[in-house]
Peer 1: 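The structure follows.
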Amino acid sequence: MSCCLKMVLLIALLVSMGVISHGYGGNSPRCDCLVDHPQKRLCAADFAFVGTIVDEENMSDKDLYRYEVQVKGGEWMFKGANLIGTDEATVDVFTPYGTSICGRTNLNQGKEYLFTGFDFEGNLMITLCDWIEDWKVVTEKQREYLLGTEYLDHCRACEPQLRGTIVALEMDQNKNDLVYSEQKSGLWTPYGCYFNPVPSYQFNAADCETDYSICHLADDEGRCDWELNPDYEECFREREEEWAKKNGPRPAAALTHWTTLKDCRKLGTRRMKKKCIKKVRQYLKNNRESINPREMLEEMLELREFFLDDKLFDEEDE
């Protein structure tokens, strides 16, 4: 079979897999990759191993790019021994040339990577949609799951449920007492293996399910949950705190650290004093249940005195 015909078949295969779609107007193709969990990517792959790139070749005339990879072998061969063997070996790994057809042409020679991909006509193929990661970036928990085969052990029993939205989960899905009973966001839960990575990126927080957990059988009735472990639970709490910083109920005064009139008196301009007083007033209103009654009374009296002395507000402002 000619190389050109093989490339046509490869693109047809990627289209059928939903990896490549037609661009707007049905013209030029574009690469469409779902943000899948590593477990799902590994389960779908034909091979997975750790290897170092020792050479590379631009084969643009054939719409391909070739990496020569030194496979580490042994326990680092996680999947695909039938294609590569279990010993150290040098193999060719191909990728489509060009990101529009999901080519992964930005890997660096001399670096060690985790490679996952698929077998095409006896060739090892990788795309932008496969789990290709600098081995140094792979978390300790991910390495543990790879070396201990936990990812592969749960391929048929459980599968992460991709949401990919910033919409809160339904209450019956959001049983967060398993990890964090005070959670307010409702965006993540260990229950049911719901995978919701988009808001993690949006709020500049870790994707805890990707980095620290697997979807596994949680009971004898076949329910699948994210595995609880100290790393995952700590990440879960930190992510919720990041969300709260940006979306949780916060007093207006706390945004600029103006919570008492002493803060206002230090300001130099009338405009800033006026702004500060409004924030302090709002702060007192929002926190009246948590502030000591005596302190609240003293602050309110001082606030009244401040209004009278400085005459910053007219009746309309008040």
Side-chain angles (χ1 to χ4, degrees), residues 33-54 56 67-81 83-91 93-95 102-118 124-155 158-160 162 164 188 190 193 195-198 200-201 204-216 226-236 238-239 242:
C33 297
L34 291 174
V35 185
D36 276 331
H37 190 270
Q39 180 176 341
K40 193 169 183 179
R41 291 186 178 186
L42 188 66
C43 290
D46 292 326
F47 62 84
F49 59 81
V50 176
T52 302
I53 297 176
V54 295
E56 54 190 306
Y67 293 106
E68 185 178 339
V69 180
Q70 180 67 46
V71 180
K72 202 167 184 179
E75 62 180 339
W76 310 101
M77 171 58 67
F78 309 121
K79 192 176 184 181
L83 300 171
I84 307 168
T86 57
D87 298 328
E88 291 187 11
T90 301
V91 299
V93 177
F94 297 92
T95 189
C102 297
R104 186 67 186 269
T105 59
N106 62 340
L107 304 182
N108 297 317
Q109 192 169 326
K111 270 195 172 184
E112 191 174 51
Y113 290 93
L114 167 66
F115 289 90
T116 73
F118 60 97
L124 305 181
M125 301 293 303
I126 61 173
T127 70
L128 283 171
C129 302
D130 296 309
W131 188 17
I132 315 294
E133 196 84 74
D134 185 334
W135 186 243
K136 291 182 179 179
V137 177
V138 177
T139 68
E140 287 297 323
K141 203 66 186 175
Q142 289 173 330
R143 295 187 186 198
E144 179 184 318
Y145 291 144
L146 286 164
L147 291 166
T149 73
E150 280 88 351
Y151 281 136
L152 296 175
D153 289 345
H154 295 90
C155 282
C158 292
E159 185 175 286
L162 178 67
W188 307 282
C193 288
F195 183 46
N196 203 16
V198 172
S200 295
Y201 304 140
N204 197 29
D207 178 5
C208 305
E209 289 72 30
T210 289
D211 292 345
Y212 302 112
S213 193
I214 58 169
C215 180
H216 75 140
W226 294 113
E227 181 191 58
L228 299 181
N229 59 70
D231 291 332
Y232 175 60
E233 293 177 37
E234 181 181 358
C235 179
F236 199 101
E238 289 177 352
R239 178 176 58 186
E242 287 299 319

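This is a predicted model, so every value here is computed, not measured.
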Peer 1: For Asp211 versus Gln142, what's the shortest heavy-atom pair and its separation?
Peer 2: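 Result for this residue pair: O-CG, 3.7 Å.
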Peer 1: Is there a donor in the side chain of Tyr232 and an acceptor in the side chain of Glu209, or the other way round, less than 3.5 Å apart?
Peer 2: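 The answer is yes; a qualifying pair exists.
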Peer 1: How about Phe115 and Leu124: do any of their side-chain heavy atoms sit closer than 4.5 Å?
Peer 2: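 They are not in contact (no side-chain heavy atoms under 4.5 Å apart), so the answer is no.
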Peer 1: Whether the Glu140 and Tyr145 side chains hold a donor-acceptor pair (N or O, under 3.5 Å, no angle test) is what I'd like checked.
Peer 2: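 The answer is no; no qualifying pair exists.
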Peer 1: Looking at Lys141 and Glu144, does any basic side-chain N land under 4.0 Å from a carboxylate oxygen?
Peer 2: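 Salt bridge between Lys141 and Glu144, a charged N being under 4.0 Å from a carboxylate O: yes.
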Peer 1: Here's a test for you: under side-chain contact (heavy atoms from CB on, under 4.5 Å), which of Val69, Val93, Asn108, Val50 qualifies with Tyr113?
Peer 2: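 Of all the options given, the one that passes is Asn108.
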Peer 1: Given side chain to side chain contact (heavy atoms under 4.5 Å, CB included), test Leu146 with Leu114 step by step and report yes or no.
Peer 2: CA-CA 10 Å; Leu146 286 164; Leu114 167 66; 4.0 Å; yes
Peer 1: Before giving the answer on side chain to side chain contact (heavy atoms under 4.5 Å, CB included), spell out for Phe118 and Thr127 the whole-Å C-alpha distance, their side-chain angles and the decisive distance to 0.1 Å.
Peer 2: CA-CA 9 Å; Phe118 60 97; Thr127 70; 3.9 Å; yes
Peer 1: Angle between ring planes, His37 versus Trp226, binned at 30° and 60°: parallel, tilted or perpendicular?
Peer 2: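 The arrangement is tilted - the two ring planes meet at 30° to 60°.
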Peer 1: Can you check whether Cys43 reaches Tyr151 side chain to side chain, under 4.5 Å on heavy atoms?
Peer 2: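 Side chain of Cys43 against side chain of Tyr151, heavy atoms only: no contact under 4.5 Å found.
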Peer 1: Does Ala81 offer a backbone N or O that forms a donor-acceptor pair with the side chain of Thr86 under 3.5 Å?
Peer 2: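 The answer is no, because no donor-acceptor pair under 3.5 Å joins these two groups.
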Peer 1: Could you pull out the closest heavy-atom pair between Asp231 and Tyr212, with the gap in Å?
Peer 2: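 Closest pair (atom of Asp231, atom of Tyr212, distance): CB-CD2, 3.7 Å.
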Peer 1: Could you check whether the SG atoms of Cys129 and Cys102 sit less than 2.5 Å apart, since that is the cutoff I want to apply?
Peer 2: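 Between Cys102 and Cys129 there is no disulfide, given that their SG atoms are not under 2.5 Å apart.
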Peer 1: Determine the minimum heavy-atom distance between Leu107 and Ile126, stating which atoms define it.
Peer 2: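 Taking Leu107 first and Ile126 second, the nearest heavy atoms are CD1-CD1, 4.1 Å.
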Peer 1: Compare every heavy atom of Lys79 with every heavy atom of Ala45, then report the nearest pair and how far apart it is.
Peer 2: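 Closest heavy-atom pair between Ala45 and Lys79: O-NZ, 2.7 Å.
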Peer 1: Salt bridge or not between Arg41 and Asp130? Use side-chain N to carboxylate O under 4.0 Å.
Peer 2: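 Answer for the salt bridge query: no.
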Peer 1: Is Phe78 close to Thr149 at the side-chain level, that is, under 4.5 Å between some pair of heavy atoms?
Peer 2: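 A side-chain contact is absent here, since even the closest heavy-atom pair is not under 4.5 Å.
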Peer 1: Do Tyr201 and Val35 have side chains that get closer than 4.5 Å, going by heavy atoms?
Peer 2: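 In contact.
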Peer 1: Determine whether Pro160 and Asp36 make a side-chain contact, defined as any pair of heavy atoms from C-beta on separated by less than 4.5 Å.
Peer 2: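 The answer is no, as the side chains (C-beta and beyond) never meet within the 4.5 Å cut-off.
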Peer 1: Return the minimal non-hydrogen interatomic distance between Gly148 and Asp153, and the atom names on each side.
Peer 2: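 Nearest heavy atoms, Gly148 then Asp153: O-OD2, 4.1 Å.
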Peer 1: Between Cys158 and Cys215, is the SG gap short of 2.5 Å?
Peer 2: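 No, no disulfide: SG-SG not under 2.5 Å.
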Peer 1: Might you point out which heavy atoms bring Ser213 and Glu227 nearest each other, and give the distance in Å?
Peer 2: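 The pair with the smallest heavy-atom distance is OG-O, 2.8 Å.
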Peer 1: When rounded to the nearest 0.5 angstrom, what is the spacing between CD in Glu234 and SG in Cys208?
Peer 2: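 Interatomic distance, Glu234 CD to Cys208 SG, rounded to 0.5 Å: 9.5 Å.
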Peer 1: Give the intermediate values and the outcome of side chain to side chain contact (heavy atoms under 4.5 Å, CB included) for residues Ile53 and Glu68.
Peer 2: CA-CA 6 Å; Ile53 297 176; Glu68 185 178 339; over 6 Å; no
Peer 1: Test Phe49 against Lys72 for side chain to side chain contact (heavy atoms under 4.5 Å, CB included), laying out the working first.
Peer 2: CA-CA 7 Å; Phe49 59 81; Lys72 202 167 184 179; over 6 Å; no
Peer 1: If the threshold is 4.0 Å, N to carboxylate O, is there a salt bridge linking Glu159 and Lys40?
Peer 2: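 Salt bridge present between Glu159 and Lys40.
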Peer 1: Would the distance check show the side chain of Arg239 and the main-chain N or O of Trp188 forming a donor-acceptor pair, the cut-off being under 3.5 Å?
Peer 2: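 A pair under 3.5 Å: no.
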Peer 1: Determine whether Val71 and Met77 make a side-chain contact, defined as any pair of heavy atoms from C-beta on separated by less than 4.5 Å.
Peer 2: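 In contact.
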Peer 1: Nearest 0.5 Å, please: how far is OG1 in Thr90 from CD1 in Ile84?
Peer 2: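 Spacing of CD1 (Ile84) from OG1 (Thr90) equals 11.5 Å.
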Peer 1: Glu56 side chain to Tyr67 main-chain N or O, any donor-acceptor pair under 3.5 Å?
Peer 2: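 Answer holds: no.
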Peer 1: Tell me, yes or no, whether the heavy-atom count around Asn204 atom CG, taken from other residues, nucleotides or ligands under 6.0 Å, exceeds 12.
Peer 2: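 Open.
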Peer 1: If you measure only the distance, is there a donor-acceptor pair under 3.5 Å linking the side chains of Gln70 and Thr52?
Peer 2: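 There is no such pair (donor and acceptor under 3.5 Å, judged by atom type) between the side chains of Gln70 and Thr52.
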Peer 1: If I take atom NZ from residue Lys136 and atom CD from residue Glu112, how far apart are they, to the nearest 0.5 angstrom?
Peer 2: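 Those atoms lie 9.0 Å apart.
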